[in-house]
**Q** 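What follows is a single structure, and I will ask about it in a moment.
Order of the sequence lines fixes the chain letters, A, B, ..., with proteins taken first and strands second; residue numbering starts at 1 for each chain. Not measured: the values here are computed from a predicted model.
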Protein chains: 2
Amino acid sequence: MSKGLLIVLSGPSGVGKGTVCTALRNRERIDNLVYSVSATTRQPRLGEEEGVNYFYKSREQFLDMIENDQLLEHAEYVGNCYGTPREFVEQTINQGKDIILEIEVQGALQVKKTFPQGVFIFLLPPSLDELKDRIKNRGTENDTVIDHRMSVAEEEINMLENYDYAVVNDEIDRACKRIEAIVMAEHCKIPKK
Amino acid sequence: MSKGLLIVLSGPSGVGKGTVCTALRNRERIDNLVYSVSATTRQPRLGEEEGVNYFYKSREQFLDMIENDQLLEHAEYVGNCYGTPREFVEQTINQGKDIILEIEVQGALQVKKTFPQGVFIFLLPPSLDELKDRIKNRGTENDTVIDHRMSVAEEEINMLENYDYAVVNDEIDRACKRIEAIVMAEHCKIPKK
(Lines give C-alpha, C1' and ligand atoms only; values in the text may rest on other atoms or scores of the structure.)
Protein backbone atom coordinates (compact mmCIF):
# COMPACT_ATOMS: atom_id res chain seq x y z
CA MET A 1 0.00 0.00 0.00
CA SER A 2 1.34 3.45 -0.87
CA LYS A 3 1.67 6.11 1.80
CA GLY A 4 -0.79 8.96 2.13
CA LEU A 5 0.08 12.57 1.34
CA LEU A 6 1.27 14.96 4.01
CA ILE A 7 -0.41 18.26 3.11
CA VAL A 8 0.66 21.46 4.79
CA LEU A 9 -1.71 24.44 4.65
CA SER A 10 0.05 27.55 5.83
CA GLY A 11 0.12 31.29 5.30
CA PRO A 12 0.19 34.52 7.29
CA SER A 13 -1.86 35.00 10.44
CA GLY A 14 -5.33 36.31 9.59
CA VAL A 15 -5.40 34.91 6.05
CA GLY A 16 -8.12 32.46 7.03
CA LYS A 17 -6.29 29.13 7.38
CA GLY A 18 -8.65 27.95 10.10
CA THR A 19 -11.80 29.04 8.26
CA VAL A 20 -10.68 27.36 5.03
CA CYS A 21 -9.76 24.18 6.91
CA THR A 22 -13.18 24.04 8.59
CA ALA A 23 -14.88 24.64 5.22
CA LEU A 24 -12.83 21.85 3.59
CA ARG A 25 -13.92 19.56 6.40
CA ASN A 26 -17.59 20.42 5.97
CA ARG A 27 -17.50 20.03 2.18
CA GLU A 28 -16.17 16.43 2.54
CA ARG A 29 -14.98 16.33 -1.07
CA ILE A 30 -11.63 14.69 -0.35
CA ASP A 31 -11.72 10.97 0.44
CA ASN A 32 -9.54 9.58 3.19
CA LEU A 33 -8.41 12.95 4.49
CA VAL A 34 -7.52 13.27 8.16
CA TYR A 35 -7.10 16.60 9.98
CA SER A 36 -4.12 16.95 12.28
CA VAL A 37 -4.75 18.57 15.67
CA SER A 38 -2.00 20.85 16.99
CA ALA A 39 -0.85 21.36 20.54
CA THR A 40 -0.72 24.98 21.77
CA THR A 41 -0.05 27.02 24.89
CA ARG A 42 -2.46 29.76 23.81
CA GLN A 43 -5.81 30.22 25.54
CA PRO A 44 -8.86 28.70 23.83
CA ARG A 45 -10.93 31.26 21.87
CA LEU A 46 -14.69 31.30 22.24
CA GLY A 47 -16.17 28.12 20.75
CA GLU A 48 -12.89 26.22 20.49
CA GLU A 49 -12.70 22.72 21.93
CA GLU A 50 -9.91 20.61 23.44
CA GLY A 51 -8.81 17.86 21.03
CA VAL A 52 -10.87 19.34 18.20
CA ASN A 53 -9.29 22.76 17.53
CA TYR A 54 -6.16 22.21 19.60
CA PHE A 55 -4.72 20.26 22.48
CA TYR A 56 -4.30 23.03 25.07
CA LYS A 57 -1.06 22.64 27.05
CA SER A 58 0.76 24.53 29.76
CA ARG A 59 4.18 25.87 28.77
CA GLU A 60 5.79 23.19 30.96
CA GLN A 61 3.87 20.35 29.29
CA PHE A 62 4.75 21.80 25.88
CA LEU A 63 8.47 21.95 26.71
CA ASP A 64 8.30 18.29 27.81
CA MET A 65 6.86 17.33 24.43
CA ILE A 66 9.74 19.11 22.66
CA GLU A 67 12.24 17.42 24.98
CA ASN A 68 10.80 13.97 24.19
CA ASP A 69 10.82 14.62 20.42
CA GLN A 70 7.03 14.26 20.29
CA LEU A 71 6.54 17.29 18.03
CA LEU A 72 7.11 17.30 14.28
CA GLU A 73 7.41 21.08 14.35
CA HIS A 74 6.92 23.77 16.90
CA ALA A 75 7.02 27.53 16.82
CA GLU A 76 6.50 30.45 19.13
CA TYR A 77 4.14 32.96 17.60
CA VAL A 78 3.08 36.23 19.25
CA GLY A 79 3.96 34.83 22.65
CA ASN A 80 2.32 31.41 22.30
CA CYS A 81 3.72 28.02 21.36
CA TYR A 82 2.20 25.81 18.64
CA GLY A 83 3.29 22.31 17.64
CA THR A 84 2.26 19.22 15.69
CA PRO A 85 2.23 15.88 17.55
CA ARG A 86 4.46 13.62 15.43
CA GLU A 87 3.11 10.13 16.07
CA PHE A 88 -0.41 10.71 14.76
CA VAL A 89 0.92 12.22 11.50
CA GLU A 90 3.25 9.30 10.87
CA GLN A 91 0.60 6.68 11.70
CA THR A 92 -1.92 8.31 9.36
CA ILE A 93 0.28 8.48 6.26
CA ASN A 94 1.60 4.97 6.90
CA GLN A 95 -2.02 3.77 6.81
CA GLY A 96 -2.28 5.27 3.29
CA LYS A 97 -4.49 8.17 4.37
CA ASP A 98 -3.78 11.82 3.61
CA ILE A 99 -3.29 14.22 6.49
CA ILE A 100 -3.58 18.00 6.42
CA LEU A 101 -1.65 20.22 8.81
CA GLU A 102 -2.91 23.79 9.27
CA ILE A 103 0.15 25.51 10.68
CA GLU A 104 2.12 28.75 10.87
CA VAL A 105 4.82 29.58 8.34
CA GLN A 106 7.78 28.97 10.70
CA GLY A 107 6.44 25.49 11.51
CA ALA A 108 5.81 24.63 7.86
CA LEU A 109 9.46 25.22 7.02
CA GLN A 110 10.47 22.82 9.82
CA VAL A 111 8.12 20.13 8.50
CA LYS A 112 9.66 20.56 5.05
CA LYS A 113 13.04 19.52 6.46
CA THR A 114 11.58 16.23 7.76
CA PHE A 115 9.10 15.67 4.91
CA PRO A 116 10.45 17.30 1.73
CA GLN A 117 7.99 15.12 -0.22
CA GLY A 118 5.04 16.87 1.48
CA VAL A 119 2.61 19.07 -0.43
CA PHE A 120 3.14 22.65 0.73
CA ILE A 121 0.27 25.05 0.11
CA PHE A 122 0.52 28.76 0.92
CA LEU A 123 -2.76 30.58 1.48
CA LEU A 124 -2.54 34.17 0.24
CA PRO A 125 -4.80 37.12 1.05
CA PRO A 126 -6.26 38.89 -2.02
CA SER A 127 -4.16 41.91 -0.87
CA LEU A 128 -2.27 43.18 2.20
CA ASP A 129 -5.05 45.74 2.91
CA GLU A 130 -7.57 42.92 2.94
CA LEU A 131 -5.36 41.01 5.39
CA LYS A 132 -5.19 43.99 7.77
CA ASP A 133 -8.99 44.29 7.69
CA ARG A 134 -9.36 40.61 8.51
CA ILE A 135 -6.99 40.80 11.47
CA LYS A 136 -8.83 43.91 12.77
CA ASN A 137 -12.26 42.38 12.29
CA ARG A 138 -11.26 39.34 14.27
CA GLY A 139 -11.56 41.86 17.12
CA THR A 140 -9.53 39.92 19.65
CA GLU A 141 -6.28 41.85 19.25
CA ASN A 142 -5.17 45.41 20.11
CA ASP A 143 -3.43 47.85 17.71
CA THR A 144 0.12 46.94 18.72
CA VAL A 145 -0.60 43.25 18.10
CA ILE A 146 -2.22 44.09 14.74
CA ASP A 147 0.82 46.11 13.59
CA HIS A 148 3.19 43.37 14.72
CA ARG A 149 1.12 40.72 12.93
CA MET A 150 1.14 42.78 9.72
CA SER A 151 4.93 43.10 9.68
CA VAL A 152 5.29 39.37 10.45
CA ALA A 153 2.78 38.63 7.64
CA GLU A 154 4.78 40.64 5.11
CA GLU A 155 7.94 38.73 6.02
CA GLU A 156 6.04 35.45 5.79
CA ILE A 157 4.75 36.18 2.29
CA ASN A 158 8.40 36.36 1.24
CA MET A 159 8.69 32.66 2.19
CA LEU A 160 6.30 31.78 -0.65
CA GLU A 161 9.04 30.36 -2.86
CA ASN A 162 9.60 27.52 -0.37
CA TYR A 163 6.09 26.25 -1.10
CA ASP A 164 4.68 24.15 -3.95
CA TYR A 165 1.36 25.93 -4.45
CA ALA A 166 -0.17 29.35 -3.79
CA VAL A 167 -3.92 29.54 -3.21
CA VAL A 168 -5.57 32.96 -3.02
CA ASN A 169 -8.27 33.04 -0.35
CA ASP A 170 -10.50 35.47 -2.26
CA GLU A 171 -13.62 33.47 -1.50
CA ILE A 172 -13.76 30.43 0.78
CA ASP A 173 -15.48 28.05 -1.65
CA ARG A 174 -13.04 28.91 -4.41
CA ALA A 175 -10.05 28.45 -2.12
CA CYS A 176 -11.46 25.03 -1.08
CA LYS A 177 -11.95 24.00 -4.72
CA ARG A 178 -8.34 24.87 -5.49
CA ILE A 179 -7.06 22.86 -2.53
CA GLU A 180 -9.28 19.89 -3.46
CA ALA A 181 -7.90 20.09 -7.02
CA ILE A 182 -4.31 20.16 -5.73
CA VAL A 183 -4.90 17.03 -3.63
CA MET A 184 -6.54 15.19 -6.55
CA ALA A 185 -3.74 16.23 -8.93
CA GLU A 186 -1.06 15.15 -6.45
CA HIS A 187 -2.62 11.68 -6.38
CA CYS A 188 -2.23 11.50 -10.19
CA LYS A 189 1.42 12.59 -10.12
CA ILE A 190 3.97 10.17 -11.52
CA PRO A 191 6.80 9.82 -9.00
CA LYS A 192 10.11 11.19 -10.35
CA LYS A 193 13.15 8.94 -10.10
CA MET B 1 0.58 38.68 -18.86
CA SER B 2 1.72 35.15 -18.06
CA LYS B 3 1.67 32.48 -20.74
CA GLY B 4 -0.99 29.80 -20.87
CA LEU B 5 -0.30 26.16 -20.13
CA LEU B 6 0.53 23.68 -22.86
CA ILE B 7 -1.28 20.50 -21.81
CA VAL B 8 -0.54 17.23 -23.56
CA LEU B 9 -3.09 14.42 -23.23
CA SER B 10 -1.63 11.20 -24.54
CA GLY B 11 -1.76 7.46 -24.00
CA PRO B 12 -2.04 4.24 -25.97
CA SER B 13 -4.33 3.90 -28.95
CA GLY B 14 -7.80 2.79 -27.83
CA VAL B 15 -7.51 4.20 -24.31
CA GLY B 16 -10.15 6.83 -25.11
CA LYS B 17 -8.15 10.04 -25.59
CA GLY B 18 -10.64 11.37 -28.14
CA THR B 19 -13.69 10.47 -26.05
CA VAL B 20 -12.23 12.07 -22.94
CA CYS B 21 -11.25 15.19 -24.89
CA THR B 22 -14.78 15.55 -26.30
CA ALA B 23 -16.26 15.06 -22.82
CA LEU B 24 -13.92 17.71 -21.35
CA ARG B 25 -15.06 20.07 -24.08
CA ASN B 26 -18.75 19.44 -23.38
CA ARG B 27 -18.34 19.83 -19.61
CA GLU B 28 -16.81 23.33 -20.08
CA ARG B 29 -15.36 23.34 -16.57
CA ILE B 30 -11.97 24.79 -17.56
CA ASP B 31 -11.88 28.51 -18.36
CA ASN B 32 -9.83 29.76 -21.27
CA LEU B 33 -9.01 26.31 -22.63
CA VAL B 34 -8.43 25.94 -26.35
CA TYR B 35 -8.34 22.59 -28.16
CA SER B 36 -5.57 22.04 -30.70
CA VAL B 37 -6.59 20.47 -34.02
CA SER B 38 -4.09 18.02 -35.54
CA ALA B 39 -3.25 17.44 -39.16
CA THR B 40 -3.47 13.82 -40.37
CA THR B 41 -3.17 11.72 -43.50
CA ARG B 42 -5.65 9.15 -42.25
CA GLN B 43 -9.14 8.90 -43.70
CA PRO B 44 -11.95 10.62 -41.77
CA ARG B 45 -14.02 8.21 -39.65
CA LEU B 46 -17.79 8.39 -39.74
CA GLY B 47 -18.96 11.66 -38.18
CA GLU B 48 -15.57 13.35 -38.16
CA GLU B 49 -15.26 16.85 -39.64
CA GLU B 50 -12.44 18.76 -41.37
CA GLY B 51 -10.99 21.44 -39.06
CA VAL B 52 -12.93 20.10 -36.07
CA ASN B 53 -11.53 16.60 -35.50
CA TYR B 54 -8.53 16.93 -37.82
CA PHE B 55 -7.19 18.78 -40.82
CA TYR B 56 -7.15 15.98 -43.41
CA LYS B 57 -4.04 16.17 -45.63
CA SER B 58 -2.56 14.14 -48.47
CA ARG B 59 0.80 12.58 -47.73
CA GLU B 60 2.42 15.15 -50.04
CA GLN B 61 0.83 18.11 -48.24
CA PHE B 62 1.87 16.62 -44.92
CA LEU B 63 5.51 16.22 -46.02
CA ASP B 64 5.50 19.88 -47.13
CA MET B 65 4.38 20.96 -43.64
CA ILE B 66 7.26 18.98 -42.09
CA GLU B 67 9.69 20.49 -44.62
CA ASN B 68 8.54 24.03 -43.74
CA ASP B 69 8.79 23.40 -39.97
CA GLN B 70 5.07 24.01 -39.55
CA LEU B 71 4.54 21.02 -37.25
CA LEU B 72 5.40 20.97 -33.55
CA GLU B 73 5.45 17.18 -33.63
CA HIS B 74 4.60 14.52 -36.13
CA ALA B 75 4.46 10.77 -36.02
CA GLU B 76 3.58 7.89 -38.26
CA TYR B 77 1.20 5.52 -36.54
CA VAL B 78 -0.19 2.33 -38.07
CA GLY B 79 0.48 3.66 -41.56
CA ASN B 80 -0.90 7.18 -41.09
CA CYS B 81 0.79 10.50 -40.29
CA TYR B 82 -0.37 12.80 -37.48
CA GLY B 83 1.03 16.21 -36.58
CA THR B 84 0.35 19.39 -34.58
CA PRO B 85 0.39 22.71 -36.45
CA ARG B 86 2.93 24.82 -34.52
CA GLU B 87 1.75 28.40 -35.07
CA PHE B 88 -1.69 28.04 -33.49
CA VAL B 89 -0.22 26.45 -30.33
CA GLU B 90 2.34 29.21 -29.88
CA GLN B 91 -0.19 32.00 -30.52
CA THR B 92 -2.63 30.52 -27.99
CA ILE B 93 -0.22 30.22 -25.07
CA ASN B 94 1.28 33.64 -25.84
CA GLN B 95 -2.25 35.06 -25.45
CA GLY B 96 -2.34 33.60 -21.93
CA LYS B 97 -4.80 30.84 -22.82
CA ASP B 98 -4.28 27.14 -22.10
CA ILE B 99 -4.15 24.72 -25.00
CA ILE B 100 -4.68 20.96 -24.89
CA LEU B 101 -3.07 18.62 -27.41
CA GLU B 102 -4.59 15.15 -27.74
CA ILE B 103 -1.76 13.24 -29.39
CA GLU B 104 -0.02 9.87 -29.73
CA VAL B 105 2.81 8.87 -27.39
CA GLN B 106 5.61 9.30 -29.97
CA GLY B 107 4.43 12.84 -30.70
CA ALA B 108 4.14 13.75 -27.02
CA LEU B 109 7.79 12.93 -26.45
CA GLN B 110 8.75 15.27 -29.33
CA VAL B 111 6.66 18.09 -27.84
CA LYS B 112 8.43 17.57 -24.53
CA LYS B 113 11.77 18.39 -26.19
CA THR B 114 10.42 21.77 -27.40
CA PHE B 115 8.19 22.48 -24.36
CA PRO B 116 9.68 20.76 -21.29
CA GLN B 117 7.52 23.11 -19.16
CA GLY B 118 4.36 21.54 -20.62
CA VAL B 119 1.94 19.50 -18.51
CA PHE B 120 2.16 15.90 -19.71
CA ILE B 121 -0.81 13.67 -18.85
CA PHE B 122 -0.86 9.95 -19.67
CA LEU B 123 -4.28 8.36 -19.97
CA LEU B 124 -4.20 4.76 -18.73
CA PRO B 125 -6.69 1.96 -19.35
CA PRO B 126 -8.02 0.29 -16.17
CA SER B 127 -6.22 -2.85 -17.47
CA LEU B 128 -4.66 -4.26 -20.66
CA ASP B 129 -7.64 -6.62 -21.15
CA GLU B 130 -9.97 -3.65 -20.99
CA LEU B 131 -7.83 -1.89 -23.62
CA LYS B 132 -8.05 -4.88 -25.98
CA ASP B 133 -11.84 -4.93 -25.62
CA ARG B 134 -12.04 -1.24 -26.44
CA ILE B 135 -9.92 -1.58 -29.57
CA LYS B 136 -12.04 -4.57 -30.68
CA ASN B 137 -15.31 -2.81 -29.96
CA ARG B 138 -14.27 0.17 -32.03
CA GLY B 139 -14.94 -2.36 -34.83
CA THR B 140 -13.00 -0.54 -37.50
CA GLU B 141 -9.85 -2.68 -37.34
CA ASN B 142 -9.04 -6.29 -38.26
CA ASP B 143 -7.30 -8.84 -36.00
CA THR B 144 -3.76 -8.16 -37.28
CA VAL B 145 -4.20 -4.44 -36.64
CA ILE B 146 -5.61 -5.16 -33.17
CA ASP B 147 -2.64 -7.38 -32.23
CA HIS B 148 -0.20 -4.81 -33.54
CA ARG B 149 -1.93 -2.01 -31.60
CA MET B 150 -1.81 -4.08 -28.41
CA SER B 151 1.95 -4.63 -28.65
CA VAL B 152 2.48 -0.94 -29.46
CA ALA B 153 0.26 -0.03 -26.48
CA GLU B 154 2.31 -2.17 -24.11
CA GLU B 155 5.51 -0.47 -25.27
CA GLU B 156 3.85 2.93 -24.89
CA ILE B 157 2.77 2.28 -21.32
CA ASN B 158 6.47 1.86 -20.55
CA MET B 159 6.91 5.54 -21.54
CA LEU B 160 4.82 6.58 -18.53
CA GLU B 161 7.80 7.81 -16.54
CA ASN B 162 8.35 10.62 -19.08
CA TYR B 163 5.00 12.11 -18.08
CA ASP B 164 3.95 14.29 -15.14
CA TYR B 165 0.56 12.73 -14.39
CA ALA B 166 -1.22 9.41 -14.93
CA VAL B 167 -5.01 9.46 -15.21
CA VAL B 168 -6.89 6.15 -15.26
CA ASN B 169 -9.78 6.24 -17.72
CA ASP B 170 -12.01 3.96 -15.65
CA GLU B 171 -15.05 6.16 -16.18
CA ILE B 172 -15.16 9.21 -18.46
CA ASP B 173 -16.55 11.69 -15.92
CA ARG B 174 -13.97 10.65 -13.34
CA ALA B 175 -11.13 10.95 -15.86
CA CYS B 176 -12.39 14.45 -16.79
CA LYS B 177 -12.54 15.49 -13.13
CA ARG B 178 -8.95 14.39 -12.63
CA ILE B 179 -7.77 16.33 -15.69
CA GLU B 180 -9.71 19.43 -14.60
CA ALA B 181 -8.09 19.15 -11.16
CA ILE B 182 -4.62 18.85 -12.71
CA VAL B 183 -5.16 22.02 -14.78
CA MET B 184 -6.46 23.95 -11.74
CA ALA B 185 -3.55 22.74 -9.58
CA GLU B 186 -1.01 23.65 -12.25
CA HIS B 187 -2.35 27.20 -12.21
CA CYS B 188 -1.68 27.34 -8.45
CA LYS B 189 1.89 26.03 -8.78
CA ILE B 190 4.68 28.27 -7.58
CA PRO B 191 7.35 28.46 -10.31
CA LYS B 192 10.62 26.86 -9.21
CA LYS B 193 13.80 28.89 -9.68
**Q** More than 12 heavy atoms of other residues, nucleotides or ligands under 6.0 Å from NZ of B:K177: yes or no?
**A**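 Check fails, neighbour count at 12 or below.
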
**Q** Between atom CD of A:E180 and atom CE of B:M184, what is the distance when rounded to the nearest 0.5 Å?
**A**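 Output value for this atom pair is 9.5 Å.
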
**Q** Crowded around A:K97 NZ? As in, over 12 foreign heavy atoms under 6.0 Å?
**A**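 Counting other residues, nucleotides and ligands, NZ of A:K97 stays at 12 neighbours or fewer.
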
**Q** Just wondering, more than 12 heavy atoms not from A:Q43 lying within 6.0 Å of its CD?
**A**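 At most 12 heavy atoms, drawn from other residues, nucleotides or ligands, come within 6.0 Å of this atom.
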
**Q** Answer with side chain, backbone, both or neither: which region of A:I121 has an atom nearer than 4.5 Å to a non-hydrogen atom of chain B?
**A**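 Neither part.
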
**Q** Quick check: are there more than 12 heavy atoms from other residues, nucleotides or ligands sitting under 6.0 Å from CD of A:E60?
**A**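 Incorrect, the count does not exceed 12.
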
**Q** Do you know which two heavy atoms are closest between B:L160 and A:I190, and how far apart they sit?
**A**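 That closest heavy-atom pairing would be O-CD1, 3.4 Å.
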
**Q** What pair of heavy atoms forms the shortest contact from A:Y163 to B:K192, and how long is it?
**A**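 So the two residues come closest at O-NZ, 2.8 Å.
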
**Q** Is it true that, when you exclude B:Q117 itself, more than 12 heavy atoms of the residues, nucleotides or ligands shown sit nearer than 6.0 Å to its CD?
**A**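 Yes, the 6.0 Å shell around CD holds more than 12 heavy atoms from other groups.
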
**Q** Mind ranking A:V183, A:I182, A:D164 by heavy-atom pairs under 4.5 Å with chain B and telling me who comes out on top?
**A**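 Greatest number of close heavy-atom pairs with chain B: A:D164.
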
**Q** Of all heavy-atom pairs between B:A181 and A:A185, which one has the smallest distance, and what is that distance?
**A**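 Nearest heavy atoms, B:A181 then A:A185: O-CB, 4.1 Å.
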
